[in-house]
Amino acid sequence: MKYQKPKGTADVLPDTSRLWDYVETKSRQIFDRYRFGEIRVPMFESYDLYARSSGDTSDIVTKEMYDFHDKGDRHMALRPEGTAGVVRAFVENKLYGPEYPKPYRVYYMGPMFRYERPQSGRQREFHQIGVEAFGSESPLLDTEVIQLGVDLLHAVGVHDLRLAINTLGDPATRDAYHQALVDYFAPHRAELSEDSQIRLEKNPLRILDSKDPRDKVFVKDAPSILDYLTPAAQNHFAAVKTALDGLNIDYTVDPTMVRGLDYYNHTIFEIMTSSPAFGNKELTVLAGGRYDGLVEQFGGPATPGVGFGIGLERLILLVQQAQQLPPAPDLNVYIVSLNDQAGEEALRLAHAIRNAGFTVDMDFMARKAKGQFKTANRENAQLVITLGEDELANQVASIKQMATGKQQQVPFNTVENNFQSIYQHLVEEGEQE
RNA sequence: GCGGUAUUGGUGAAGUGGUUAACACAUCGGUUUGUGGUACCGACAUGCGUGGGUUCGAUUCCCACAUACCGCCCCA
């Protein structure tokens with residue numbers, strides 16, 4: 001084969017894209033109800049934008065960034081996540097201005113990229129649906145965003161959700177907790193995994209997320225961030241929990257939950273579900289949190305923000321598992337043509353009938369009548385129009401109702417000008433009998 | 001970046017160091033003129049991911065590369 005798709009990409013073919021469309025359409029309906037508007041931002045930005053927002057110290061960022069130098073020798077990167085670009089747009093378009101209602105709420109959906117080795121559920125090009133809400137510190141906004149996520153998942157038929165929440169607190173909290181973790185783990189340094197020994201230097205929080213059994217022994221009794229919250233952070237978290245209770249949204253507090261990105265603080269949350277689609281393993285489909293301070297870091301005025309992202313590929317699998325595909329659209333008419341001249345007439349009639357609002361297909365392979373009927377049958381055509389020498393000579397179409405097998409003649413004229421009434425007579429009234 | 005497994009037609013696949021690469025599904029055609037199902041008949045990989053090598057001879061052995069899947073790292 002001469003060409004193959006780039007590593008880690010996928011072609012979405014019509015059968016599956018119907019499912020994508022379904023999920024996207026449902027999502028938009030939910031966003032409308034919550035008054036989130038769509039924002040479309042570039043699929044690539046300056047490399048520095050992503051590197052800085054994600055935490056440029058981590059070599060992870062450079063390792064997984066899909067970056068390149070353009071012809072002007074600018075260092076660019078395909079967007080690895082949605083938030084950074086949206087925050088940049090928020091600042092650049094001065095959306096913090098007084099003329100915009102606060103909080104300023106947007107959603108996006110589209111491809112993201114990361115340069116890594118493809119494996120289970122991970123591709124180099126993947127898709128996310130995400131939301132961001134700027135300008136309010138209210139814990140009620142955190143809660144509304146969570147509620148939005150839950151609603152969205154319900155809307156596409158994904159149930160059995162588990163919401164996990166945690167707080168990373170404010171900067172003072174993080175500093176104190178950081179120190180506490182270092183104090184706790186340092187004496188066991190030699191007993192930790194090699195990776196965690198490095199994490200201890202760079203980002204002790206990540207040790208909590210380790211899968212290595214050597215680390216888990218100590219993680220079990222590690223200090224909890226909940227004990228290091230400043231009063232303000234504590235109040236915020238408590239208010240989120242109260243609001244969730246008020247909405248009857250179940251949740252579990254997971255004090256070991258962390259985020260890979262540096263910009264998160266205060267509330268972070270994940271929605272998990274287990275499904276046969278994933279071998280009944282519990283997997284996260286939605287993750288988000290608060291990122292007060294990010295707008296400021298990007299050169300805007302101090303503006304709080306909160307949002308989440310959903311991995312679309314994963315969600316699609318869930319939806320596919322949870323419910324049957326939305327049915328393919330009906331084929332109203334299939335036109336069988338028996339010679340070249342009839343083919344030309346078929347083209348004309350097809351156009352007229354389509355203009356009347358019906359779906360029409362016809363043969364382009366010069367196949368025999370039997371073969372064309374087979375196709376019509378396979379595509380579930382309601383009506384089949386046959387055009388051959390006789391029909392052309394008499395300027396009439398033979399129209400067959402596939403359900404009953406009855407066939408009758410209708411002048412071309414009527415087919416072209418009043419197909420609606422033919423259809424009503426043959427199909428809709430037929431159904432009532 | 002590291003490791004494991006895999007790669008045969010439109011699809012699912014069997015198979016062997018040597019003159020015709022099973023079988024099934026799908027598709028197309030036929031079983032007398034232009035009508036859906038079934039049955040029966042026929043057609044359908046000069047080719048076994050790509051490039052090298054070993055060999056008298058490779059789809060089968062070896063190497064490299066590509067891609068896919070599964071792990072590690074990491075996770076946006």
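Letters A, B, ... mirror the listed sequences (proteins, then strands); counts begin at 1. Both backbone and side-chain heavy atoms feed into the values below; hydrogens, waters and symmetry mates do not.
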Given atom [atom1] of [X] and atom [atom2] of [N], what is their separation to the nearest angstrom?
X        : N      : atom1 : atom2 : result
A/Gln4   : B/rG51 : CD    : P     : 12 Å
A/Lys5   : B/rA68 : NZ    : P     : 6 Å
A/Gln123 : B/rC70 : CD    : P     : 10 Å
A/Met109 : B/rA76 : CE    : P     : 21 Å
A/Asp15  : B/rG10 : CG    : P     : 19 Å
A/Lys7   : B/rU7  : NZ    : C1'   : 14 Å
A/Leu286 : B/rC75 : CG    : P     : 19 Å
A/Leu317 : B/rC69 : CG    : P     : 12 Å

- Task: Please determine if A/Arg79 forms a cation-pi arrangement with A/Phe44, meaning its NZ or CZ atom is less than 6.0 Å from the six-membered ring centre and no more than 45° off the ring axis.
- Result: no
Write down the distance separating the [atom1] atoms in [N] and [M], rounded off to the nearest Å.
N      : M      : atom1 : result
B/rG29 : B/rA58 : C1'   : 36 Å
B/rU11 : B/rG49 : P     : 13 Å
B/rU19 : B/rG57 : P     : 15 Å
B/rG30 : B/rA22 : P     : 26 Å
B/rU59 : B/rA21 : P     : 12 Å
B/rU27 : B/rC44 : C1'   : 9 Å
B/rU7  : B/rU50 : C1'   : 11 Å
B/rG53 : B/rA45 : C1'   : 26 Å

- Message: Could you tell me if the side chain of A/His127 sits less than 4.5 Å from the side chain of A/Met112, heavy atoms only?
- Response: no
- Query: Tell me, do A/Val91 and A/Val295 make a side-chain contact under 4.5 Å, heavy atoms counted?
  - Reply: yes
- Message: Across nucleotides 28-36 of chain B, 5' to 3', mark each nucleotide with B, S or - according to how protein heavy atoms within less than 4.0 Å reach it.
- Response: SSSB--BBB
- Message: Take a 6.0 Å sphere around CD of A/Gln119 and say whether it holds more than 12 heavy atoms from other residues, nucleotides or ligands.
- Response: yes
- Item | Check: A/Phe185 ring centroid to A/Phe218 ring centroid under 6.0 Å | no
- Message: Let's go through A/Glu116 and A/Lys7 carefully: what are the C-alpha distance in whole Å and the side-chain angles of both, what is the deciding distance for salt bridge (charged side-chain N to carboxylate O under 4.0 Å, His left out) to 0.1 Å, and is it a yes or a no?
- Response: CA-CA 10 Å; A/Glu116 65 171 359; A/Lys7 190 187 195 113; over 6 Å; no
- Base of B/rC74 paired with side chain of A/Arg122 (donor-acceptor, under 3.5 Å): yes
- Query: On RNA chain B, nearest-nucleotide positions of A/Thr9 versus A/Arg79: which is more 5'?
  - Reply: A/Thr9
- Message: Go nucleotide by nucleotide along RNA chain B from the 5' end; which of A/Pro118 and A/Tyr263 gets its closest nucleotide reached first?
- Response: A/Pro118
- Test salt bridge (charged side-chain N to carboxylate O under 4.0 Å, His left out), reference A/Arg105, set A/Glu38, A/Glu144, A/Glu132, output is A/Glu144
- Item | Dot-bracket encoding per residue of RNA chain B, Watson-Crick/G-U cut-off under 3.5 Å, | denoting interstrand | ((((((((.[[[..)..(....]]].(((((.......))))).....[[[[[..)....]]]]])))))))....
- Item | Partner residues of A/His351 under the ring pair (Phe, Tyr, Trp, His ring centres under 6.0 Å) criterion, sequence neighbours left out | none
- Message: Whether the side chain of A/Thr414 engages the backbone of A/Val410 through a donor-acceptor N/O pair (distance < 3.5 Å, no angle test) should be reported.
- Response: no
- Task: May I ask you to evaluate whether A/Arg117 reaches the phosphate of B/rG3, defined as a side-chain N or O under 4.0 Å from OP1 or OP2?
- Result: no
- Message: Restricting to non-hydrogen atoms, name the atom on A/Pro304 and the atom on A/Arg290 that form the minimum distance, rounded to 0.1 Å.
- Response: CB-NH1, 3.5 Å
- Might you point out which heavy atoms bring A/Asp363 and A/Gln372 nearest each other, and give the distance in Å? CB-OE1, 3.2 Å
- Message: Under 4.0 Å, counting only non-hydrogen atoms across every strand here, what does A/Gly307 touch: a base, just sugar-phosphate, or nothing?
- Response: nothing
